[in-house]
Amino acid sequence: MRVLVLNCGSSSVKFAVIDTQTKESISSGLVENIGVNGHVKAKGPAGNIDFNFDCPTHAEAVAEVQKFLAEQKLIDTIEAIGHRVVHGGKYIKSEKVSQEVIDYIRSITLFAPLHEPAHATGMECATKFFPTLPQVAVFDTAFHQTMPRKAYLYGIPYSFYEKDAIRRYGFHGTSHRFVTAEAAKILGKKPEDCCFITAHLGNGSSCSAILNGKCADTTMGFTPLDGLIMGTRSGSLDPAILFFISKKYGYDIDRLDKLVNKESGLLGLSGLSNDMRTLTQAASEGHIGAQIALETFCYKLTREIGGIAMALPRIDALVFTGGIGENSRVVRKTVMENLALLGYQIDDARNEDNGKNSGHIISKDGTPTAMVVATNEELLIALDTEALVK
Ligand code: AMP
């Protein structure tokens, strides 16, 4: 089945046409700067496009995707649409899109203010421009809904959980679920027989403890700000730091929000960049800020891995994924050296080729298994969509 995967953000619409049989992406693209000065860039079997156009709302963006797919002669081959949704609130699995689902996604806007309204609008636009296609919503939080209460509760009055559903939700669930299935295949086991630590490391990063194929704990929380140090996000903080900065510098809520979401993490620590490639290069040339950022990122990551490992009886594999996890030899090597207490030892040659010549494994034979698995969230969204509409 061919599935149009849509990822509607606050000012962008990303799309891909995935063939679930071949698992290939046939066409993909991005409309960005919605509301400002729209720009579309897309590729397909019949050619590429790249231009600016008038795009005041998501409707014009989805219309442009529809027009491109028609020009590519792909439109009649698509049988369903799968939407990536950041926050699923109460949903524990993917859902067919209905008015009830759209209304619920809008109702939890406070949980992810930039994303949820855009997702709901994206579903309405898709209904308008692709009226005959069934749609499915795939939630980043759903995979984490198996966490036990002791893992998802925060140490604040219980009434905030009861009244306002304040709890750990976890994100990147589609990626953690995808690499769990892949890592199990690599080990020749069923996911339900496996315990993993999955480390999705990209611009946003999170680690999960996978117990018998299900999520037992994860580092992202009520929002994707919690846990690991990220590109521009701080990760976990002593909340009193925010009180201190607010009192001393007069920062209001919006300014604090910008500080911890956009100005912190690798960018804030290094004073240079949020990009791991730039930082690795700069660190090797002696840039102190880059060295501090890299060292702190890897240490905090190790500390979180050590923490959530306590949710498991054993670790069958430590799995690296995401742009950094799949490509950064330096990060993987440093983290595995930091994890010596758990017995991890890296095989430098395997690490150097990202595990490609050793069936993904990057640890030395006879030591605990660590591997690199490329994530593919779009494929999983397409497969979930197919499963629900069939
Ligand atoms: P993602 O959000 O998964 O696309 O990951 C983006 C992050 O992956 C950025 O920090 C990139 O610098 C990093 N990344 C991509 N390729 C490499 C590479 N070859 N070496 C180190 N980091 C990389």
Side-chain angles (χ1 to χ4, degrees), residues 5 7 9-10 12 14-16 25 28-30 32 41 84 86 114-115 140 143 170-180 182 198-208 218-220 223-235 261-285 287 289-298 300-301 319-337 346 348 350-357 360 362 370-381:
V5 175
N7 182 352
S10 53
S12 68
K14 276 192 209 145
F15 80 90
S25 168
S28 62
L30 167 71
E32 55 189 350
K41 201 171 174 181
R84 181 214 172 200
V86 165
L114 294 180
H115 291 101
D140 268 11
F143 181 60
F171 297 85
H172 295 139
T174 316
S175 177
H176 290 287
R177 180 155 71 102
F178 182 84
V179 299
T180 293
E182 290 297 302
T198 50
H200 176 106
L201 311 174
N203 257 325
S205 295
S206 64
C207 277
S208 292
T218 192
T219 57
M220 280 183 168
T223 73
L225 182 59
D226 205 357
L228 307 176
I229 288 177
M230 305 178 221
T232 60
R233 284 173 248 166
S234 62
N261 273 301
K262 304 264 185 234
E263 300 171 353
S264 295
L266 294 172
L267 174 66
L269 278 169
S270 68
L272 180 69
S273 171
N274 64 325
D275 191 294
M276 189 53 84
R277 279 166 294 203
T278 308
L279 293 176
T280 311
Q281 180 66 28
S284 71
E285 290 163 0
H287 189 287
Q291 289 170 356
I292 291 172
L294 204 55
E295 169 189 299
T296 315
F297 175 88
C298 291
K300 295 286 196 268
L301 171 55
V319 184
F320 290 98
T321 193
I324 297 172
E326 291 167 35
N327 297 296
S328 176
R329 295 152 181 89
V330 173
V331 167
R332 291 193 304 256
K333 186 174 167 70
T334 311
V335 170
M336 286 185 52
E337 283 170 359
I346 199 149
D348 284 318
R350 292 172 174 182
N351 187 43
E352 204 48 42
D353 70 10
N354 294 328
K356 288 202 172 79
N357 294 319
H360 306 267
I362 55 164
M371 60 170 82
V372 180
V373 176
T375 196
N376 194 339
E377 292 162 275
E378 284 161 351
L379 175 59
L380 194 54
I381 292 171

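Position 1 is the first residue of the sequence, and the numbers go up from there. Atoms within a ligand are numbered from 1 in the order they appear, just like the ligands themselves. All values reported here derive from a predicted model rather than from experimental measurement. As a basis for the values below, the full set of heavy atoms in this structure was taken, side chains included, without hydrogen atoms, waters or symmetry mates.
A heavy-atom cutoff of 4.0 Å around ligand 1 is satisfied by the protein residues Gly202, Asn203, Asn274, Asp275, Met276, Arg277, Gly322, Gly323, Ile324, Asn327, Ser328.
In this structure, a donor-acceptor pair under 3.5 Å is absent between the side chains of Ser206 and His200. With hydrogens and angles left out, the side-chain atoms of Glu285 and Gln281 include a donor and acceptor closer than 3.5 Å. In this model, no donor atom of one side chain and acceptor atom of the other lie less than 3.5 Å apart for Ser234 and Ser264.
Each of Thr198, Asp140, Thr321 was evaluated against His176; a single residue qualifies, Thr198, per the side chain to side chain donor-acceptor pair (under 3.5 Å) test. If you run side chain to side chain contact (heavy atoms under 4.5 Å, CB included) between Met276 and each of Leu294, Asn327, Leu201, only Leu294 comes through.
Taking 4.0 Å as the cut-off between side-chain N and carboxylate O, Asp348 and Arg329 do not count as a salt-bridged pair.
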